Amino acid sequence: MSNVILPPEWRIREDKVTPETVFNNRRDFLKTLGFAGLGIAGALNASPAWATGKMIDVLARLSNGKWPAITSLKANASFTADRPISNEKSALTYNNFYEFTMVKEGVWKLMDRFKTQPWKVEVTGLVKNPAIYDIEELIRKMPVEERIYRHRCVETWAMVVPWAGFPLSELIKKVEPQSEANYVRFVSFHQPDAAPEQAKNPDLPWPYKEGLTIDEAMNELTFMVTGIYGHQLPPQHGAPLRLVTPWKYGFKSIKSITRIEFLETRPATFWNTLIPKEYGFESNVDPNIPHPRWSQRREKMIGTGEVYATQKYNGYGKWVADLYE
Ligand SMILES: Nc1nc2c(c(=O)[nH]1)N[C@H]1C(S)=C(S)[C@@H](COP(=O)(O)O)O[C@H]1N2
Ligand SMILES: [Mo]
């Protein structure tokens with residue numbers, strides 16, 4: 001915010017400034033300047049004020065001391081928040097990324113050796129036009145937009161996040177699946193030199209894998225994410241490309257994708273292989289289906305600790321319920 005001089009009505013008392021109010025004011029401010037509909041960060045490239053020391057390094061690894069903003073990012077008005085957006089700091093410092101550590105608060109501190117550039121994404125299997133994309137080339141070809149989604153971990157914590165990305169269906173249209181392609185599988189990376197848990201636990205079914213039916217993959221909600229809070233995706237959130245399926249538990253939203261495969265039969269996935277009784281292939285959010293070890297009736301927002309009743313399909317039934325009837 002330091003490079004923007006705010007008119008008086010935008011000034012808020014220091015003690016009232018949370019990352020979230022800064023974030024929302026930034027958006028309102030850009031609107032008053034005529035950037036209506038522009039995404040959250042607009043042209044601002046600086047690291048947020050709360051980021052210090054190591055976090056600045058994490059955010060700025062691709063540029064010189066800045067957290068690269070996504071330029072001309074348009075918000076998709078179909079996907080807005082019905083509860084407060086989680087503040088940036090909470091989201092960026094509380095992650096699940098088992099390749100690095102099981103300690104959620106520690107994931108972001110372990111990114112030093114994780115190389116997310118250069119990065120290639122291979123699209124392969126039962127498609128007419130298989131391709132290997134350089135991530136930057138792929139992003140240039142795709143209609144990147146911003147969507148605010150709820151995100152619900154199977155462990156009952158939740159957040160509301162403005163993601164930037166493109167619908168997976170746009171990529172699927174380019175590669176043209178063959179008629180036998182019933183499933184899509186996503187494969188993450190294998191870098192034991194960079195990811196401590198991959199080195200410590202070599203017998204786990206690395207790389208992390210996930211899968212969807214082709215109809216789920218083509219659904220309007222299914223989002224390939226390249227950014228968060230108007231900026232490039234930080235490594236702890238799965239840079240440079242991750243999946244987000246907001247009506248499913250978070251473990252389906254695989255991070256740091258290197259390969260997308262179109263298959264005839266249902267693929268094995270990481271958690272379903274390890275503990276099939278606890279982590280099903282479908283795993284749609286459902287308050288009425290408890291996890292074998294805990295209830296799924298409620299969820300707790302990271303950052304604020306607010307508790308909400310869990311909604312079936314995480315509130316996205318309008319988009320996806322017909323897939324399961
Ligand atoms: N490659 C990979 N992707 C992953 C995971 C992981 O451990 N490895 N964890 C999943 C789980 S359990 C959740 S809840 C979300 C967390 O995403 P976030 O850290 O961006 O909030 O990522 C999912 N994607
Ligand atoms: Mo999760």
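As the structure lists them, so they are numbered: ligands from 1, and atoms in each ligand from 1. Model, not experiment: these values are computed from the prediction.
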Just need the protein heavy atom nearest to [atom], so name the residue and atom and give the distance.
| atom | result |
| --- | --- |
| atom 8 (N) of ligand 1 | E99 OE1, 2.8 Å |
| atom 6 (C) of ligand 1 | Y208 CE1, 3.3 Å |
| atom 9 (N) of ligand 1 | N96 O, 3.4 Å |

Query raised in the report: Any nitrogen or oxygen of K255, main chain or side chain, under 3.5 Å from a nitrogen or oxygen of ligand 1?
Result: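 K255 vs ligand 1: N/O contact under 3.5 Å present.
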Query raised in the report: Does an N or O from R242, backbone or side chain, lie closer than 3.5 Å to an N or O of ligand 1?
Result: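 There is such a contact, yes.
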With rounding to the nearest 0.5 angstrom, report the [atom1] to [atom2] distance, [X] to [Y].
| X | Y | atom1 | atom2 | value |
| --- | --- | --- | --- | --- |
| L243 | S188 | CG | OG | 11.0 Å |
| D193 | R113 | CG | CZ | 6.0 Å |
| L212 | R266 | CG | CZ | 12.0 Å |

By number and element, which atoms of ligand 1 are closer than 4.0 Å to a non-hydrogen atom of [X]?
| X | answer |
| --- | --- |
| C153 | 14 (S) |
| S188 | 1 (N) |
| N95 | 18 (P), 19 (O) |
| G250 | 10 (C), 11 (C), 13 (C), 14 (S), 15 (C), 22 (O), 23 (C) |
| I254 | 3 (N), 24 (N) |

Applying a heavy-atom cut-off of 4.0 Å, say which part of [X] lies close to ligand 1: side chain, backbone, both or neither.
| X | answer |
| --- | --- |
| S253 | backbone |
| F97 | both |
| H151 | side chain |
| M159 | side chain |

Query - Distance-only donor-acceptor check, side chains N284 and K248, under 3.5 Å - result: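 Yes, K248 and N284 have a side-chain donor paired with an acceptor closer than 3.5 Å.
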Query raised in the report: Do S90 and N87 have a side chain donor and acceptor closer than 3.5 Å?
Result: yes
Looking at the rings of [X] and [Y], which for Trp means the six-membered one, are their centres under 6.0 Å apart?
| X | Y | value |
| --- | --- | --- |
| Y316 | Y149 | yes |
| Y249 | W271 | no |
| F100 | F114 | yes |

Requested in this report: Specify whether H231 and W67 have parallel, tilted or perpendicular ring planes, treating 30° as the upper limit for parallel and 60° as the lower limit for perpendicular.
Outcome: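 Parallel, since the angle between the ring planes stays under 30°.
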Query raised in the report: F97 vs F189 aromatic rings, parallel, tilted or perpendicular, using cut-offs 30° and 60°?
Result: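 The arrangement is perpendicular - the two ring planes meet at more than 60°.
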Report task. Say whether W157 and ligand 1 are in contact under the criterion: heavy-atom distance to a ligand atom below 4.0 Å. Result ->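 For ligand 1, residue contact (heavy atoms, under 4.0 Å) with W157 is present.
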